Number of protein chains: 2
Amino acid sequence: MRQNLEEKYRDILTFKVGEVARKAGVNKETLRYYEKRKLITKPDRRRSGYRIFTQHHIDQVKFIKRAQELGFTLSEIKELLELRTDENTTCSEVRTEAEEKYKDVVEKIEDLQRIKKTLVELIDSCSGSGPKGDCPILEALEGENKTGRNLRN
Amino acid sequence: MRQNLEEKYRDILTFKVGEVARKAGVNKETLRYYEKRKLITKPDRRRSGYRIFTQHHIDQVKFIKRAQELGFTLSEIKELLELRTDENTTCSEVRTEAEEKYKDVVEKIEDLQRIKKTLVELIDSCSGSGPKGDCPILEALEGENKTGRNLRN
DNA sequence: CTTGACTCCGTACCAAGGTACAGGGCTTAT
DNA sequence: ATAAGCCCTGTACCTTGGTACGGAGTCAAG
């Protein structure tokens, strides 16, 4: 089954790594990297060693990019791709992954909200004029905390 | 001025790296790392090479940790520390740093809110039952997007 | 004065997600 | 058949914030 690649690819469009990179909006090295991490289907090779990519690969890379935009790590994306490939995957398995990511995101938002709140308080406490001598922001960071403000919540 | 360290430290408490680590809640190697990155004042050394730390260093590390909790990177913290040391620093310079960090945080929150919204839509679109054949989550990631949903906002 | 706990230094390694070579080998158009 | 412009590989490097290791020197208590 290795001898007639010509046969196999006769009727479909194939691409070289640079073309895929351009079409998918990633770097050539990134494609090699994804291949090594098994995030994309291992492409066949020409006798010269050149990789033979198809539209399938381009779609995979786009899948990866969309999942990344939703905050999935490459490891998580690999799991998703495995779910996608596995015939026995159920809808609820996929949903579970999404729900876990959702929890992550909510938690991160909460952390950032607390940080934002503290920053606002610090900024508001500082008139923005005068020397740093009594800058309440530095004071708070120094922990001397004359104002009774406390950074840890 | 190097000869009489004994003189210099006669009346103040000094600490070895392990003590500082314990008191400040960091690792010994982290202290070396901070020293290398010039985040803490370079400690004097005994003739043996042992570092001589004081309460000042402990306070610096605590400053660093508080600033980290607010999302400042070590590079940004270095700037803050320089502002703190510089006699000519004005309050408004410090406030500007805080305002920039505030903007970063707000932006990150916004990104995550968008991500969260998309995840919720995906999760809601999926009944959680049945095989993955028509899992709307995978469909959306695949970009086929029969539902007209679009991940990019 | 010995022994265990401490410290020193340089270096390598970790996660994550890539990027950047160098030194070769193909391919394709002219 | 030659030259530009692809592609191949392995390896090193990047950022951020550290952690781990190993061999050697030091300190303090008994």
Side-chain angles (χ1 to χ4, degrees), chain A residues 5-6 9 14-40 42-54 57 60-81 101 104 108 111, chain B residues 5-6 9 14-40 42-54 57 60-81 101 104 108 111:
Chain A
L5 289 174
E6 274 176 45
Y9 290 109
T14 66
F15 307 98
K16 287 189 277 185
V17 70
E19 294 169 317
V20 175
R22 212 162 13 75
K23 278 171 189 284
V26 296
N27 206 304
K28 280 181 274 189
E29 349 275 314
T30 301
L31 289 169
R32 290 214 300 132
Y33 178 70
Y34 285 175
E35 182 184 344
K36 202 172 60 190
R37 290 199 55 169
K38 306 198 179 177
L39 286 159
I40 56 178
K42 200 171 172 179
D44 286 327
R45 302 292 187 117
R46 302 196 206 175
R47 277 164 304 279
S48 65
Y50 279 31
R51 288 171 181 78
I52 303 170
F53 289 103
T54 64
H57 294 99
Q60 285 182 320
V61 175
K62 288 187 176 169
F63 181 101
I64 292 166
K65 293 188 77 184
R66 282 187 208 101
Q68 277 187 313
E69 280 171 26
L70 291 180
F72 288 95
T73 66
L74 292 184
S75 305
E76 291 162 344
I77 292 168
K78 199 176 167 208
E79 282 178 46
L80 282 174
L81 289 163
K101 183 49 62 185
D104 287 358
K108 271 187 203 143
D111 286 350
Chain B
L5 287 175
E6 275 175 45
Y9 291 108
T14 65
F15 308 98
K16 288 189 277 188
V17 70
E19 295 169 317
V20 175
R22 212 163 13 76
K23 279 172 189 284
V26 296
N27 206 303
K28 281 181 273 190
E29 349 277 312
T30 302
L31 289 169
R32 293 212 299 132
Y33 177 68
Y34 286 175
E35 182 184 344
K36 202 172 60 190
R37 291 200 55 168
K38 306 200 180 177
L39 286 160
I40 56 179
K42 200 171 171 180
D44 286 328
R45 301 293 186 116
R46 302 196 207 175
R47 277 164 306 278
S48 65
Y50 279 31
R51 288 169 179 81
I52 302 170
F53 290 103
T54 65
H57 294 99
Q60 286 182 318
V61 176
K62 288 186 177 170
F63 181 102
I64 292 166
K65 291 187 76 184
R66 284 188 207 98
Q68 278 186 313
E69 282 171 23
L70 291 179
F72 288 96
T73 65
L74 292 184
S75 306
E76 289 162 346
I77 292 169
K78 198 175 168 209
E79 282 178 47
L80 282 174
L81 288 163
K101 183 50 60 183
D104 287 358
K108 271 186 203 143
D111 287 349

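A, B, ... follow the sequence lines: proteins, then strands. Residue 1 opens every chain. In this text the structure is predicted, and so the values were computed from the model without any measurement.
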Cut-off 3.5 Å, side chains only: do A:Tyr9 and A:Asp44 have a donor facing an acceptor? yes
Beyond-backbone contact of A:Ile52 with A:Arg46, side-chain heavy atoms, under 4.5 angstrom: yes
From CG of B:Leu31 over to P of D:dT19, roughly how many Å is that when rounded to an integer? 10 Å
For the side chain of A:Gln68, starting at C-beta, report the closest nucleotide among D:dT19, C:dG17, C:dC9. C:dG17
Take atom CD of A:Glu69 and atom P of C:dG17, then tell me their distance rounded to the nearest Å. 14 Å
From CZ of A:Arg46 across to C1' of D:dC7 the rounded distance in Å is 9 Å
Is the phosphate of D:dC27, meaning OP1 or OP2, less than 4.0 Å from a side-chain N or O of B:Lys16? no
Measure from CD1 on A:Ile77 to C1' on C:dA16 and round the result to the nearest Å. 12 Å
Gap between atoms CD and C1', on A:Glu29 and D:dC13 respectively (whole Å): 13 Å
Ignoring backbone atoms, test whether B:Ser48 places a side-chain nitrogen or oxygen under 4.0 Å from the OP1 or OP2 oxygen of C:dC8. no
How do B:Val17 and B:Lys36 order along DNA chain C: which one's closest nucleotide is nearer the 5' end? B:Val17
Let me confirm one number: the CD1-CG distance from A:Ile64 to A:Leu81, rounded to the nearest 0.5 Å. 5.5 Å
What nucleotide among C:dG17, D:dT19, C:dC6 has an atom nearest to a side-chain atom of B:Asn27? D:dT19
Side chain of A:Arg51 - closest among D:dT9, C:dG17, D:dG18: D:dT9
Below the 4.0 Å mark, does D:dT9 have OP1 or OP2 next to a side-chain nitrogen or oxygen of A:Arg45? yes
Distance-only donor-acceptor test, A:Tyr50 side-chain atoms vs C:dG25 base atoms, 3.5 Å: yes
Distance check needed: D:dC13 P versus A:Tyr33 OH, whole Å only. 18 Å
Salt bridge flag under 4.0 Å for residues B:Glu35 and B:Arg45: yes
C:dC8 phosphate, OP1 or OP2: any side-chain N/O from B:Arg32 under 4.0 angstrom? no
For C:dG17, does either OP1 or OP2 sit under 4.0 Å from a side-chain N or O belonging to A:Tyr34? no
